[in-house]
Amino acid sequence: MAEKITGAEALLQGLVAEGVERIFGYPGGYIIPVFDRLYDYMSQIDTVLTRHEQGAMHAAQGYARTSHKPGVVIVTSGPAATNLITGLSDAMMDSTPLVVITGQAPSDMLGTDAFQETDVIGITQPVTKWSIQVRHASQVSDALARAFHIATTGRPGPVVLDFTKDAQTGLTDPGYAPCNYIRSYVPRPETNEFDIKRLAEMINRARRPMILAGQGITIAEAEEQLRALAEKADIPVAATLLGLSVLPSSHKLFKGMLGMHGNFGPNINTNRADLIVAIGMRFDDRVTGVLEHYAPQATIAHIDIDESEFNKNVRVDLKVHADARDALDMLLPLVNKASHTEWSESFDRHNAAEHELVGQEAAHGSDPSAPATMGETARLVSEAAGEGAILVTDVGQNQMLSARYFRFTAPRSIITSGGLGTMGFGLPAAIGAKMGAPERGVYLFTGDGGLQMTVQELGTIMQYGTAVKIILLNNNFLGNVRQWQSLFFNNRFSMTPLLNPDFKMLSEAYGIECIDVACRGELPAAIERMVASPKAMILNVNIRETDMVFPMTPVGAAVDYIMINPTEIYKPQE
């Protein structure tokens, strides 16, 4: 009979069996038994000590989204567990698979307000796919196997295992069996052939079809199927923020980003299309604008693996409950080869007008002594970064402008906080993204506000030598809030000016080289030096505090109501 092992040992054996190569975490009192056993697994599992539990969560998110493996986080109880909530909420909204393990007080002390005890299950259930408390060593292997199955199948998301201390130290039989089935949980629905035939008929009849591509395509690894469908039926493709990079930016049928700060062509033609095929996206309010005036001429078909997304925001004419790859594989043979040249070119004309009216954000200016613009900085970094570069963003103006002007050449090339909009996400997510794809260049665009929310993770870079390139767009303001205050609140800049530290001194204290870029004339040489460096580096770029992100569809407006500056609205010629 095999010798019994502790619950902590069972946990680590299970992680090895699941193919886990990296953990992000932070030790503490009620998780020490796990970290003690982890000491003997260092050759099998690389453990990354972040500087804050929220940093561990966002790093695990970045890792999951570049590696296509679940991110794993291990922390202790109480404040460590509550520090995870932002990351759990973010991962839940953006469909990121995480397996999160928290320590907990011993079973016989639960409910006594023991030191660092908190109701982890009650707190985390609303923002996870599944959460469970493990109180006995015998439950560890089964709970872990279920956690990986739930986190990684269907619409991915975070799960939490709350692990009491006695479950870690108690004894159980060895042996781990991965989970492939849970009764009543059907993560990959069987695609309805009749629905696919109806969708093919809609596409074959359409004169002005349009595909709205979301992150579900990336999750399903359906980029090639999307490309084949778009090319065969000559359908223009526009992407949500998280869907960017499902097609190369240079592809003739890729027409840009949807939504509040999206491109002219997709936003105008959303309300002119006669068919919209939405794939792996959730019709977020930042994409649709006011719903009463959304896509009034279009028949709408929606492909999604999560049935709860159907008709949640936008009423659709056809629901296709399916994995995106399964649906597209079945759809492609039924779709006729077609040409929609005039329709496709109408996107290009609107986007050309956008370049003329607001493209100066990314164009070379005439004064090299002027502060750089955010758009020009993003464009120059993208050009220098070359093929396969990954864009990571924080949240705010830095996010919108880098997403607009960065050029994507490969899938899984944008890591950003979409649904929750978490400031502070960028720095730890970039660390995780680089660890998940060490062969690719990782470029973080962040603002001075967002960087300071998780700035302690520079210590993680220092400890592990993670070669993240950080472009700090520094305007001494909370820029996105400032823009709204300027446009809609009579220039009342309440609590948005920032008194910032000397970022060069701060970064060098962490052993990270920093280049101060005072004006746009200094940008090219600084970017070249950053890209060429094999180490982490920060560009602290001086940005005008008054710069804004345009185009912009304000809250409460139709998606085709597009501001091109604070006082003008885009009026199409056709």
Nearest-0.5 Å distance that lies between atom CZ in Arg198 and atom CD1 in Ile203 = 12.5 Å
Would you kindly say whether Asp166 and Ser107 are connected by a side-chain donor-acceptor distance under 3.5 Å?
-> yes
Between Tyr26 and Gln54, do the side chains contain an N or O donor and an N or O acceptor separated by less than 3.5 Å?
-> no
Any side-chain heavy-atom pair from Val392 and Thr416 closer than 4.5 angstrom?
-> no
Does a donor on one side chain and an acceptor on the other come within less than 3.5 Å for Thr218 and Arg65?
-> no
Side-chain donor-acceptor pair under 3.5 Å between Arg51 and Gln463, yes or no?
-> yes
How would you list, by chain and number, every residue that makes a ring-ring contact (aromatic ring centres under 6.0 Å, His included) with Phe310, sequence neighbours excluded?
-> His302
Has the side chain of Tyr294 got a donor or acceptor atom that lies under 3.5 Å from a matching backbone atom of Thr270?
-> no
May I ask you to test the Arg412-Thr66 pair for a side-chain heavy-atom distance under 4.5 Å?
-> no
Donor-acceptor contact below 3.5 Å, side chain Arg37 vs main chain Glu9 = no
Cut-off 3.5 Å, side chains only: do Thr96 and Asp94 have a donor facing an acceptor?
-> no
Heavy-atom donor-acceptor pair, Asp323 side chain to Ile305 backbone, under 3.5 Å = no
Distance-only, no hydrogens or angles: does the Asp173 side chain make a donor-acceptor pair with backbone N or O of Lys4 under 3.5 Å?
-> no
State whether the side chain of Thr112 and the backbone N or O of Leu110 hold a donor-acceptor pair below 3.5 Å, judged by distance alone.
-> no
Can you check whether His58 reaches Ser417 side chain to side chain, under 4.5 Å on heavy atoms?
-> no
Less than 4.5 Å apart, any side-chain heavy atom of Leu161 and any of Trp130?
-> yes
With a 4.5 Å heavy-atom cut-off, do Thr6 and Thr169 have their side chains touching?
-> no
Check against ring-ring contact (aromatic ring centres under 6.0 Å, His included), Tyr443 and Phe445 | CA-CA 7 Å; Tyr443 295 85; Phe445 280 77; 8.0 Å; no
Kindly indicate whether the side chain of Leu318, heavy atoms from C-beta on, has any atom under 4.5 Å from the side chain of Asp195.
-> yes
Check the side chains of Asp90 and Thr422 for a donor-acceptor pair under 3.5 angstrom, ignoring hydrogens and angles.
-> yes
Which of Leu332, Val335, Leu331 passes side chain to side chain contact (heavy atoms under 4.5 Å, CB included) with Ile196? Answer is Leu331
Check: Thr128 side chain, Pro158 main-chain N or O, donor-acceptor pair, under 3.5 Å | no
Distance-only side-chain donor-acceptor flag, Ser95 / Arg155, under 3.5 Å = yes
Determine which pairs satisfy side chain to side chain donor-acceptor pair (under 3.5 Å) with at least one residue from residues 175-186, sequence neighbours left out, and list them in order.
-> Glu18-Tyr176, Lys129-Tyr185, Thr153-Tyr185
